[in-house]
Amino acid sequence: LTGVEMFAGLEPEARQRLIAAAVPRTYRRGQLLFVENDPGESLIVLKRGSVAVFRTAPTGERAVLSVMRPPDVFGEVSLLDGSARSASAEALEDCSALALSRGAFMELVHTHPRILDAVMRSLGGLIRRLTDQNADYVFLDLPGRVAKTLVRLAGESQAPMITIELNQSQLAEMAGGSRQSVNQAIGSFASRGWLRTEGRRIVVTDLASLRRRAGMAD
Ligand code: CMP
């Protein structure tokens, strides 16, 4: 649990209790961890691999809300309000994780209320992300959202060339557009020399231009 922000301030004894209560889980690539509207039974601490959190439209179309990577913690929303899962989660690669049951988590909250500081910070972060996503849907056109998704995936890397392992339908799910319109945006970025595609990979060659197209500060 080292490196997990939510549990960083816990005293060693509380951390031991947490480790004892956590159940190790493994998921194969493509496996669903849980599905939207399932009862929310546990908090997931991701140790290895990556997980897409997504919603599904009645047409079956997916919108990826976030990609979780270690040491991300998720599944806290239903745990805190006692209702159903707000989204589904699928392993993008083989994963290992720790699952903490609602009961164990609530007991920890009661015996170590300081953990609530970190829970509130994490919820604040989620609300901030949702606000950003909302603003992007209002203020950015689709190519702008594609550019922003690429910048986000590239992270804060200072490397002149960034390779993103992602196919275009995954990118479409993240940017909130059809595959066809995302392909068009990628094609137009490629023709301007901002990136090139190599099969499943997108190699970003001009991050600064993508940032500008996404309306982000230099
Ligand atoms: P929960 O509702 O238990 O299950 C789905 C989880 O996905 C949710 O808790 C959050 O941890 C996470 N989640 C839901 N919506 C978003 C979002 N828009 N961005 C990032 N994470 C989310």
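We count ligands from 1, going down the list as the structure has it; atoms in each ligand are counted the same way. Just so we're clear, the structure is a prediction, and the values are computed from it rather than from any experiment.
Using a 4.5 Å heavy-atom cutoff, the side chains of L210 and F189 are in contact. The side-chain heavy atoms of T26 and Q31, taken from C-beta on, include no pair separated by under 4.5 Å. Contact of the R62 side chain with the R55 side chain is not registered, since no non-hydrogen atoms from C-beta on lie closer than 4.5 Å.
Using a 4.0 Å cut-off between charged nitrogen and carboxylate oxygen, E11 and R15 do not count as a salt-bridge pair.
Sorted by chain and number, the residues within 4.0 Å of ligand 1 by heavy atom are F34, V53, L65, S66, M68, F74, G75, E76, V77, S78, R85, S86, A87, L126, R129, L130, Q133.
Taking the side chain to side chain donor-acceptor pair (under 3.5 Å) definition, one finds that R145 meets it with nothing, sequence neighbours left out.
Checked by atom type and distance alone, the side chain of R211 pairs as donor or acceptor with a backbone atom of A217 at under 3.5 Å.
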